[in-house]
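I'd like to ask some things about the structure below.
When a ligand or atom number is given, it counts from 1 through the structure's own listing order. All figures in this text were calculated on a predicted structure; none of them were measured in a lab.
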Amino acid sequence: MTVSPLPHPLRLAGNGVVLREWAPDDLDDLVAMLDEPDIARWTPMPSPFDVEAGLAYLKRARQGRLTGQRIQLAITTDGLAPRGEVLLFGVVPARREAELGYLVGAPYRRRGLAAAALTLLTGYACGSLRLRRLLLRIDPGNLASTAVARRCGYRLTGEPPIPQEGPYGPTSLDTWEYVAGRPATRRDRLRNVASRRYGRRT
Ligand SMILES: CC(C)(COP(=O)(O)OP(=O)(O)OC[C@H]1O[C@@H](n2cnc3c(N)ncnc32)[C@H](O)[C@@H]1OP(=O)(O)O)[C@@H](O)C(=O)NCCC(=O)NCCS
């Protein structure tokens with residue numbers, strides 16, 4: 001098994017979602033989905049996200065897929081209209097490690113789509129790609145995203161926060177991890193409960 005280059009094309013189905021490759025026809029849906037305040041706040045997307053940004057995004061997604069550097073799939077419920085996106089990138093083969101990311105369009109949130117898509121891609125990454133450690137980088141103020149991470153079995157690590165410049169000034173990203181084959185310990189569960197109640201613990 002190899003994790004580089006990453007498989008293309010790819011279609012994953014399960015948990016009530018179908019993850020499929022982006023297509024040029026998705027441009028209008030993509031722009032409608034990404035031109036939105038929460039996407040601007042919590043992701044590195046340009047804002048406003050217009051047709052030009054959409055075209056550049058689809059082009060970059062395709063290049064990343066053709067070169068096998070990333071997995072970047074539209075989240076759908078039926079293989080048709082995109083409702084969000086889930087990604088896997090930054091593979092470090094020597095450490096069998098990669099980073100994942102996700103977003104869901106505002107009209108489709110709170111239906112379990114992000115959790116379903118992240119669970120599916122996590123399973124594929126650990127099973128088919130044989131990755132061992134998967135990472136999420138999340139602003140601790142992003143309660144929706146930390147809830148998704150927790151729900152999918154990721155745990156907050158003690159790694160130092162990563163500083164970054166957000167649209168509302170400087171902020172930082174926490175690192176969450178999923179380690180293949182390691183069941184969550186009681187300590188992990190308590191730590192995640194603590195992060196939910198009190199925010200990041202340093
Ligand atoms: C984060 C995001 C992807 C969540 O998508 P979603 O499809 O609404 O999430 P789900 O419906 O799968 O919810 C999964 C869990 O998160 C919880 N959740 C979702 N949105 C929440 C919110 N705004 N506040 C608190 N909890 C939330 C759900 O209740 C559910 O929890 P539970 O089942 O364990 O009780 C979506 O809000 C989004 O796209 N935000 C903007 C982009 C972003 O922040 N991406 C992540 C960057 S790190």
Side-chain angles (χ1 to χ4, degrees), residues 12-20 22 26 29-49 53-54 57 61 70-78 81-90 98-125 134-157 159 161-178 184 188-200:
L12 302 174
N15 310 328
V17 292
V18 177
L19 310 180
R20 65 154 172 84
W22 285 104
D26 292 322
D29 286 330
L30 179 80
V31 171
M33 211 159 59
L34 297 195
D35 191 30
E36 189 267 327
D38 279 343
I39 302 287
R41 173 156 193 197
W42 300 120
T43 75
M45 300 296 171
S47 178
F49 193 97
Y57 193 78
R70 46 172 54 203
I71 290 175
Q72 186 165 359
L73 300 173
I75 303 172
T76 77
T77 54
D78 50 8
R83 302 303 192 211
E85 179 180 71
V86 63
L87 308 96
L88 183 150
F89 55 99
E99 189 171 335
L100 277 74
Y102 42 81
L103 60 87
V104 167
Y108 317 112
R109 290 180 189 151
R110 309 298 294 246
R111 300 182 190 176
L113 290 179
L118 181 62
T119 300
L120 193 55
L121 190 53
T122 297
Y124 177 78
L134 305 177
L135 305 176
L136 303 172
R137 314 273 191 205
I138 306 178
D139 186 315
N142 189 347
L143 298 183
S145 187
T146 55
V148 172
R150 199 177 302 110
R151 158 99 175 257
C152 296
Y154 285 72
R155 69 160 197 113
L156 187 62
T157 69
E159 290 180 26
I162 303 163
Q164 63 155 19
E165 198 55 44
Y168 300 96
T171 172
S172 63
L173 299 179
D174 284 341
T175 299
W176 292 66
E177 70 173 1
Y178 181 98
D188 292 339
R189 283 195 296 273
L190 290 175
R191 193 183 176 95
N192 284 348
V193 168
S195 82
R196 183 168 60 224
R197 287 199 186 138
Y198 309 118
R200 182 178 64 231

- Message: Is any side-chain heavy atom of Thr76 closer than 4.5 Å to one of Leu19?
- Response: no

- Note on the structure: Between Asp29 and Pro82 the two heavy atoms that sit nearest each other are OD2-CD, 3.5 Å

- Considering only protein heavy atoms, which is closest to atom 48 (S) of ligand 1, and at what distance to one decimal place? Ser145 OG, 3.2 Å

- Closest non-hydrogen protein atom to atom 26 (N) of ligand 1, residue and atom name please, with distance? Ala147 CB, 3.8 Å

- Item | Proximal candidate to atom 43 (C) of ligand 1 [heavy atom criterion; set Leu118, Val104, Asn142] | Asn142

- Task: Identify, for atom 46 (C) of ligand 1, the protein heavy atom at the shortest distance, and state residue, atom and that distance.
- Result: Tyr102 O, 3.3 Å

- Message: Tell me whether atom 8 (O) of ligand 1 lies less than 4.0 Å from at least one protein heavy-atom position.
- Response: yes

- Note on the structure: Among non-hydrogen protein atoms, atom 13 (O) of ligand 1 lies closest to Val148 CG2, 4.1 Å

- Message: Below 3.5 Å, N or O to N or O, backbone or side chain included: is there any such pair between Gly112 and ligand 1?
- Response: yes

- Apply side chain to side chain contact (heavy atoms under 4.5 Å, CB included) to Trp22 and Gln72, showing your working. CA-CA 8 Å; Trp22 285 104; Gln72 186 165 359; 4.1 Å; yes

- Item | N/O separation below 3.5 Å, Ala115 to ligand 1 | yes

- Message: Under 4.0 Å, heavy-atom basis, I'd like to know which part of Leu136 is in contact with ligand 1: side chain, backbone, both or neither.
- Response: neither

- Of Glu85, Arg110, Arg150, which has the heavy atom at the shortest distance from atom 22 (C) of ligand 1? Arg110

- Message: Show, in sequence, the C-alpha distance, side-chain angles and deciding distance for Asp26 and Arg20, and conclude whether the side chain to side chain contact (heavy atoms under 4.5 Å, CB included) test is met.
- Response: CA-CA 11 Å; Asp26 292 322; Arg20 65 154 172 84; 2.9 Å; yes

- What part of Arg137, side chain, backbone, both or neither, has a heavy atom within less than 4.0 angstrom of ligand 1? backbone

- Query: Which heavy atom of the protein is the closest neighbour of atom 31 (O) of ligand 1, given with residue, atom name and distance?
  - Reply: Arg151 NH1, 4.2 Å

- Measure across Ile162 and Thr175 and return the closest heavy-atom pair with its distance rounded to 0.1 Å. CD1-OG1, 4.0 Å

- Look at atom 36 (C) of ligand 1 and say which protein heavy atom is nearest, naming residue and atom and giving the distance to 0.1 Å. Arg109 NE, 3.5 Å

- Result of checking Leu100, Leu134, Thr146, Val148 against Trp176 for side-chain contact (heavy atoms from CB on, under 4.5 Å): Thr146

- Task: Among residues two or more places apart or on two chains, list those pairs meeting side-chain hydrogen bond (donor to acceptor under 3.5 Å, both in side chains) that have a residue in residues 110-124.
- Result: Thr122-Tyr154

- Task: Can you measure from CD1 (Ile75) to CG (Leu12) and round to the nearest 0.5 angstrom?
- Result: 11.5 Å

- For Ala114, the atoms of ligand 1 under 4.0 Å from one of its heavy atoms are 3 (C), 4 (C), 5 (O), 6 (P), 7 (O), 9 (O), 12 (O)

- Note on the structure: Hits for side-chain contact (heavy atoms from CB on, under 4.5 Å) against Pro48, two or more places apart or cross-chain, chain-then-number order -> Asp35

- Message: I need the atoms of ligand 1 closer than 4.0 Å to a non-hydrogen atom of Arg111, numbered in the order shown.
- Response: 11 (O)

- Query: Regarding Tyr108 and Thr77, is there a side-chain donor-to-acceptor distance under 3.5 Å anywhere?
  - Reply: no

- Protein heavy-atom partner closest to atom 42 (C) of ligand 1 - residue, atom, separation in Å: Thr43 CG2, 3.7 Å

